[in-house]
There are 2 protein chains.
Amino acid sequence: MKKSDLFPLVFVDVALFSIVSDCLRVLLVRRAQDPNRRGWALPGGILKPEMDADLKSAATRVLRTKISVEVPHLEEVRTFSGVDRDPRGWSISVLFCALLPYDKVNALVKDKVEALEWAAADNPGHRMAFDHGEQLAVALHMLRDRVRVTRPVLPLHLMPERFTLTALQKTCEAILGKEIDKAAFRRRLKDSTDLVELPGELQRGSHAPAQLFRARDGFEFAV
Amino acid sequence: MKKSDLFPLVFVDVALFSIVSDCLRVLLVRRAQDPNRRGWALPGGILKPEMDADLKSAATRVLRTKISVEVPHLEEVRTFSGVDRDPRGWSISVLFCALLPYDKVNALVKDKVEALEWAAADNPGHRMAFDHGEQLAVALHMLRDRVRVTRPVLPLHLMPERFTLTALQKTCEAILGKEIDKAAFRRRLKDSTDLVELPGELQRGSHAPAQLFRARDGFEFAV
DNA sequence: AGAATAGTGTCTGTCAGACAGTATCGC
DNA sequence: GCGATACTGTCTGACAGACACTATTCT
């Protein structure tokens, strides 16, 4: 009788999203060990009760130790459980959704894992290990819902510290996978307390200068 | 070193909602054993990997064995975890939200547990064991959001098989804790495919007869 | 001048809230 | 007729989508 017949294995997995060239991407890692060695998967790891204060802390630790990244936002999506989803035995994976500002994407150290890839979120292009394909789909669905159905909720955790309204709109479009009307988008944001205008700070280029904004202090994506 | 220093204890807890006299209620049980003996809590139990196909099945089993009830709807809310929340050690509770049609409330066998109570959902009136007070608040928040923000989603799992639009409106009002305009409510429902009119079936009384409806076959509350 | 992007004004259809009005039952 | 409830019609304000328009910069 395996231990996991009495105690389930508990994992945390993270769907870490960011924006690369105006496209929503998710971070995939290539597994270095069996089971599913060399298979593509969401970054994750086993819960260590002696180290982790709770499941969210475990997810934070996994991101920090495995791919050396600190994320500003981490939120539970749901669990995946059962006897069949992992060959090691009865297991639970608690899935988290994380957002990384797109100016931090290149900060990932590439030598810690044998392979990292920022895959297109809606079409990663790899068959994925375990049930991580479903996990990705569920996390993506939650992210889209956040931006769509509860309308004033903004994906500010994906933005760099200072950003223009156009950049924010591009990010929302990348998440939703469709274009948004500029006037309507800006009209909704007029009354948002989550955005703070930075007076005098403009982004220049070969066009009219654009007002820069930052996220309100203490802004949280959560509902 | 306790086992729970290496393996977390895994529980499932259920916030089971129904309607009693036009008021949203939640089922509380009084604990028969330590820890927290005689404290009020949400019904729950420990995961049994050798019996349970997954966490949702575990929640179904707990409701069936502890309070002899089969619920038509069960949905994961989120997890609660950490070393401090249960004196037995590092633990995870996976919270589920369940809905029971209000004509089934009295079917509960009262002799199986030493005490059951249908408490007002927004003010249960007991100090609750562990973190079950927070769990209840989170489940209630999710339920309200489902009815409020994604508007065409209906709490049909709380209704008996045949019901009037007025009864459905009362149920929504009980969940939201505020009144809804009748005309607006019915206008939204006009195009809903989730409701099926029962031609010729009317509820009679000392007033104009009211059309009866049922939920569409295969209706699911989930988003 | 022309390209490119920032930012705004306006029209229109949809829809929710509010509220009044009509219809149909039992007594 | 009267009370009670079912159900509908209409007005109005808010707002999203669509689209055109002006403004500002660099080349």
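So that the names make sense, note that chain A is the first sequence line, chain B the second, and so on, each numbered from 1. Fair warning: this is a prediction, and the values are worked out from it, not measured in the lab.
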Problem - Given C:dA16, D:dG17, D:dT25, the nucleotide with the shortest approach to the side chain of B:Arg188 - result: C:dA16

Handout entry: Interatomic distance where CG belongs to B:Leu212 and P belongs to D:dT5 [whole Å]
Key = 17 Å

Practice task
Provide, to the nearest angstrom, the distance between the CD atom belonging to B:Gln169 and the P atom belonging to C:dG17.
Solution key: 11 Å

Completion exercise
The answer to which of A:Ser206 and A:Arg186 contacts DNA chain C further toward the 5' end, by nearest nucleotide, is A:Ser206

Exercise for the section: Return the value, rounded to whole Å, for the distance between atom CG of B:Leu195 and atom P of D:dC7. Expected result: 13 Å

Exercise for the section: May I have the distance from B:Glu173 (atom CD) to C:dG17 (atom C1'), rounded to whole angstrom? Expected result: 14 Å

Handout entry: Separation of D:dA16 C1' from A:Phe185 CZ (nearest whole Å)
Key = 14 Å

Problem - Separation of atom CG in A:Asp181 from atom C1' in C:dT8, rounded to whole Å - result: 12 Å

Exercise for the section: Find out whether the Lys NZ or Arg CZ of B:Arg78 is both under 6.0 angstrom from the six-membered ring centre of B:Phe80 and within 45° of the ring's axis. Expected result: yes

Handout entry: Listed nucleotide nearest any side-chain atom of A:Ala210, set C:dG7, D:dA16, D:dA6
Key = C:dG7

Problem - Sugar-phosphate, base or nothing in reach of B:Arg204, heavy atoms under 4.0 Å - result: sugar-phosphate

Practice task
Looking at every strand, decide which applies to B:Ala183 at a 4.0 Å heavy-atom threshold: base, sugar-phosphate, or nothing.
Solution key: base

Exercise for the section: Please check if atom CD in B:Glu179 has more than 12 non-hydrogen atoms from other residues, nucleotides or ligands closer than 6.0 Å. Expected result: no

Handout entry: Side chains of A:Trp118 and A:Leu16 in contact at under 4.5 Å (non-hydrogen atoms)
Key = yes

Practice task
Would you indicate, yes or no, if C:dT8 has its OP1 or OP2 atom less than 4.0 angstrom from a side-chain nitrogen or oxygen of A:Lys190?
Solution key: yes

Practice task
Just call it for A:Thr164: base, sugar-phosphate, or nothing, with non-hydrogen atoms closer than 4.0 Å on any strand.
Solution key: nothing

Exercise for the section: Kindly indicate whether the side chain of B:Arg187 and the base of D:dG9 share any N or O donor-acceptor pair separated by less than 3.5 Å? Expected result: no

Practice task
In plain terms, say whether A:Lys56 and A:Glu76 are close enough for a salt bridge, that is, a side-chain N and a carboxylate O under 4.0 Å apart.
Solution key: no

Exercise for the section: Report the nucleotide, chosen from C:dG7, D:dA6, D:dA16, that has the shortest atom-to-atom distance to any side-chain atom of B:Thr166. Expected result: D:dA6

Practice task
Evaluate the ring planes of B:His157 and B:Phe219, with Trp represented by its six-membered ring, and classify them as parallel (under 30°), tilted (30 to 60°) or perpendicular (over 60°).
Solution key: tilted

Practice task
Rounded off to whole Å, could you give me the CD-to-P distance for the B:Gln211 and D:dC7 pair?
Solution key: 7 Å

Completion exercise
note: B:His207, atom NE2; C:dA23, atom C1'; distance rounded to Å ~ 14 Å

